[in-house]
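These notes are about the structure you will find just below.
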Amino acid sequence: QVQLVESGGGSVQAGGSLRLSCVASGGTASSYRMGWFRQAPGKEREFVAAISWSGGATYHADSLKGRFTISRDNAKNTVYLQMNSLKPEDTAVYYCAASRSSRVSRISSDYQYWGQGTQVTVSS
């Protein structure tokens, strides 16, 4: 059983940056594929980025490429989401998730473990 705890959210002005962190504990955290999702008020949860267990493969939502970057440090059991050039439409609760799937996935139902989420608010 993996426990995930996100941090790093907050309020920022448009154009600013934030780095989210997700610390995993329990189980063998480094063997999981990891992902970030977000959910804005009144909207469906959407895929943001995902990373393989080694960090060698990363995937980002097409609309976020060039602004958001996922990475991981298995020695620290931590996954990061670097968010640059933030826009008001990036405002959402951001969730970290872990998957036992054999492949990196963009689909939320492929993830078995979820954090509580961290709020990101971008003002114009």
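Given the structure is predicted, the values throughout are model-derived calculations rather than measurements.
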**Asked** Is there a donor in the side chain of Asn84 and an acceptor in the side chain of Ser17, or the other way round, less than 3.5 Å apart?
**Response** yes
Note: Cys22 and Met34 closest approach over all heavy atoms is SG-CE, 4.3 Å
| message | With side chain to side chain contact (heavy atoms under 4.5 Å, CB included) as the criterion, how do Tyr113 and Tyr32 come out once you've worked through the C-alpha distance, each side chain's angles and the decisive distance to 0.1 Å? | response | CA-CA 10 Å; Tyr113 306 103; Tyr32 290 83; 3.7 Å; yes
Scanning both residues in full, the closest heavy-atom pair of Gln13 with Val122 reads C-CG1, 4.0 Å
**Asked** Would you find a donor on one side and an acceptor on the other, under 3.5 Å apart, between the side chain of His60 and the backbone of Ile70?
**Response** yes
Here the gap from Ser31 atom OG to Asn74 atom CG, rounded to the nearest 0.5 Å, amounts to 9.0 Å
Show, in sequence, the C-alpha distance, side-chain angles and deciding distance for Leu18 and Val120, and conclude whether the side chain to side chain contact (heavy atoms under 4.5 Å, CB included) test is met. CA-CA 9 Å; Leu18 285 173; Val120 171; 3.9 Å; yes
| said: For Gln112 and Ser99: C-alpha separation, side-chain torsions, deciding distance, then whether side chain to side chain contact (heavy atoms under 4.5 Å, CB included) applies. | reply: CA-CA 6 Å; Gln112 293 78 36; Ser99 172; 4.0 Å; yes
query: Is a side-chain N or O of Gln39 found less than 3.5 angstrom from the main chain of Glu44, in a donor-acceptor match?
result: no
Between the OG atom in Ser123 and the NZ atom in Lys87, the distance rounded to the nearest 0.5 Å is 15.5 Å
Rounding to 0.5 Å, atoms CZ (Arg38) and CG (Leu81) come to a distance of 9.5 Å
Worksheet item: Is the cationic atom of Arg106 (NZ for Lys, CZ for Arg) positioned less than 6.0 Å from the six-membered ring centroid of Tyr59 and within 45 degrees of its normal?
Response: no
Are the aromatic rings of Phe47 and Phe37 close, with centres under 6.0 Å apart?
-> yes
Ala24 and Leu4 have their tightest heavy-atom pair at CB-CD2, 3.6 Å
Checking Ser52 side chain against Ala57 main chain: does a donor-acceptor pair fall under 3.5 Å? yes
(message) Does Gln116, at its CD atom, have more than 12 non-hydrogen atoms belonging to other residues, nucleotides or ligands within less than 6.0 Å?
(response) no
Sequence neighbours excluded, the answer for ring pair (Phe, Tyr, Trp, His ring centres under 6.0 Å) partners of Tyr80 is none
Checklist entry - Going through the distances and angles, do Met83 and Tyr94 end up as a side chain to side chain contact (heavy atoms under 4.5 Å, CB included)? => result CA-CA 11 Å; Met83 305 186 296; Tyr94 284 72; 3.8 Å; yes
query = How are the rings of Tyr95 and Trp114 set relative to one another: parallel (under 30°), tilted (30 to 60°) or perpendicular (over 60°)?
reply = perpendicular
In terms of heavy-atom contacts, Gly26 and Val2 come closest through O-CG2, 3.7 Å
Q. Is there a donor-acceptor pair closer than 3.5 Å between any side-chain N or O of Glu6 and the backbone N or O of Gly117?
A. yes
Closest non-hydrogen contact found for Asp90 with Leu64 is OD1-CD2, 4.1 Å
Item checked: Row check, Trp53 ring normal vs Arg72 NZ/CZ: under 6.0 Å, within 45° -> no
d(Ser7 OG, Leu20 CG) to nearest 0.5 Å is 8.0 Å
Less than 3.5 Å apart, any donor N or O on the side chain of Tyr111 or Arg100 sitting next to an acceptor on the other?
no
Arg33 and Ser102 have their tightest heavy-atom pair at NH2-O, 3.5 Å
Salt bridge (Lys or Arg N to Asp or Glu O under 4.0 Å) filter on Lys76, not counting sequence neighbours, yields none
